[in-house]
Q: 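One structure coming up, written as structure tokens, with questions to follow.
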2 protein chains.
Amino acid sequence: MPYLTKAVPNPEPVDCRILTAALELFVAHGFHSVSVHDIQKLANVSIGSIYNHFGGKEGIAKALYDHLLIEIEQMIEQVIAEKKSGKARCERVIELLFEYTESRRSIITFVFDIRHREILPKQEPIYQSLAFKMLDKLIEQGIDEQEIKEGSLALISACFFGAAIRMIQMRIEGAIELPLNDQYPEILDMLWQGVAKQD
Amino acid sequence: MPYLTKAVPNPEPVDCRILTAALELFVAHGFHSVSVHDIQKLANVSIGSIYNHFGGKEGIAKALYDHLLIEIEQMIEQVIAEKKSGKARCERVIELLFEYTESRRSIITFVFDIRHREILPKQEPIYQSLAFKMLDKLIEQGIDEQEIKEGSLALISACFFGAAIRMIQMRIEGAIELPLNDQYPEILDMLWQGVAKQD
DNA sequence: GTCTATACGCTGATAGAC
DNA sequence: GTCTATCAGCGTATAGAC
């Protein structure tokens, strides 16, 4: 159900319109700079509806957060279904993240480039989310299969996926001019060099 | 003048007290969640003083931003004075960033882990700052000296310093439990593998 | 469930005495 | 330069009709 971030006119359900509008505004201006009135206007609903559905601005953020993380999880699950080796899975995940960075920037920005703790102080930190744990699992598999060197899992994962995420952040900020997938082979090569098992 | 982030009682100059208090609060709660009254209270000054010195909350953020970036620049300059080869310079910069992450976390958090565009929309993006350009220069030197492979400077820098910065972000978030300098040799090894020139 | 109108607290900012 | 007192506006949240 990747209906978020698609261009939706009006006949969509109300809660979806609210989420779509909120995501767009949060990503463009930042959570704190967006008022409930802004969301209400863009979504073409009344303030009352927003409070009925989500209980307030924070409720919207929480719903978005859960929803988008699930989309990332599903993407990783799809990759796991398609590819078998740890290395192939890691590569494909990064490839898709790079693609999403261009085609579905809102999702990527919200998940990787927003300080969630400032918005949702009660939320568990994102690195404890299932999606991030799934990435660690892929690294672990790569180690088991002797494709990735042994060592601290957190560090290796930080070096591999972390570098990729940092590139995504830099792409979003504008520090990297070309789409990352245009340079995918070189990037992947660098990422692997860092963590590959050496014989 | 690294007087910021040091524990300062009261006899410090007023503007310094304001900056110190603001930095602490911004880093702890986020820019938008901190009011001028909060800063005023913690700094033991009046609201009027704050507006006299900085013109408002945004002015404080701007002053902090400039000040802390200059501290990073000076750190890099110091490293350039101490080490001569590109490789040694890159390594020492990362080592110091890792140290700062523990000992002067406020500075590091403000520079690497805050969305400045949300606070200072008119500010040029941070990757255009002198400090970040200095990092790119170090990479360039490494390429010239045949220690780093050739390729897109932005990508190589993103892979090397970017991975390190991502690790710092993860350390700040709590995703990495040990201080990064405790694992400095392994980390550096991984970072170099990714960008080293291969013969 | 959806809407409009309204209340209320807080925040950034100013005025004016010292 | 520093302070206190105060203002105006905004943003969240609620009440109550439909």
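So you know, we letter chains A, B, ... as the sequences are listed, proteins then strands, and number each from 1. Any value given below was found using the heavy atoms of this structure, including those in side chains, with hydrogens, waters and symmetry copies removed.
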Q: Consider only side-chain N and O atoms of A:Ser49 and A:Asn52, and report whether a donor and an acceptor are under 3.5 Å apart.
A: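 No, A:Asn52 and A:Ser49 have no side-chain donor paired with an acceptor closer than 3.5 Å.
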
Q: Which residues pass the salt bridge (charged side-chain N to carboxylate O under 4.0 Å, His left out) test with A:Asp182, sequence neighbours left out?
A: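 Applying salt bridge (charged side-chain N to carboxylate O under 4.0 Å, His left out) to A:Asp182 gives none.
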
Q: To the nearest angstrom, how far is A:Lys41 atom NZ from C:dT4 atom C1'?
A: 15 Å

Q: By a strict heavy-atom criterion of less than 4.0 Å, which residues belonging to residues 47-60 of chain A are in contact with DNA chain D?
A: A:Ile47, A:Tyr51, A:Gly56, A:Lys57

Q: Okay, side chain of A:Lys57, backbone of A:Ile39: is any donor-acceptor separation there less than 3.5 Å?
A: no

Q: A:Gln40 has an atom CD; how far is it from atom P of C:dA5, in whole Å?
A: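 Between P of C:dA5 and CD of A:Gln40: 12 Å.
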
Q: Please tell me if A:Ser46 has a side-chain N or O lying less than 4.0 Å from either OP1 or OP2 of C:dC3.
A: yes

Q: Side chain of A:Glu147, backbone of A:Lys197: donor and acceptor closer than 3.5 Å?
A: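 No: the side chain of A:Glu147 does not pair with the backbone of A:Lys197.
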
Q: Please tell me whether A:Gln123 and A:Lys62 have a donor and an acceptor in their side chains that are separated by less than 3.5 angstrom.
A: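 Checked: A:Gln123/A:Lys62 side chains pair up, N/O donor to acceptor below 3.5 Å.
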
Q: Starting from C1' on D:dA5, measure out to NE2 on B:His37 and report it in whole angstrom.
A: 11 Å

Q: For residues 163-199 of chain B, which residue pairs qualify under ring pair (Phe, Tyr, Trp, His ring centres under 6.0 Å), counting only residues two or more places apart or in two chains?
A: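 Sorted pair list: B:Phe160-B:Trp192.
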
Q: Rounded to the Å, how far apart are A:His32 NE2 and C:dC10 C1'?
A: 15 Å

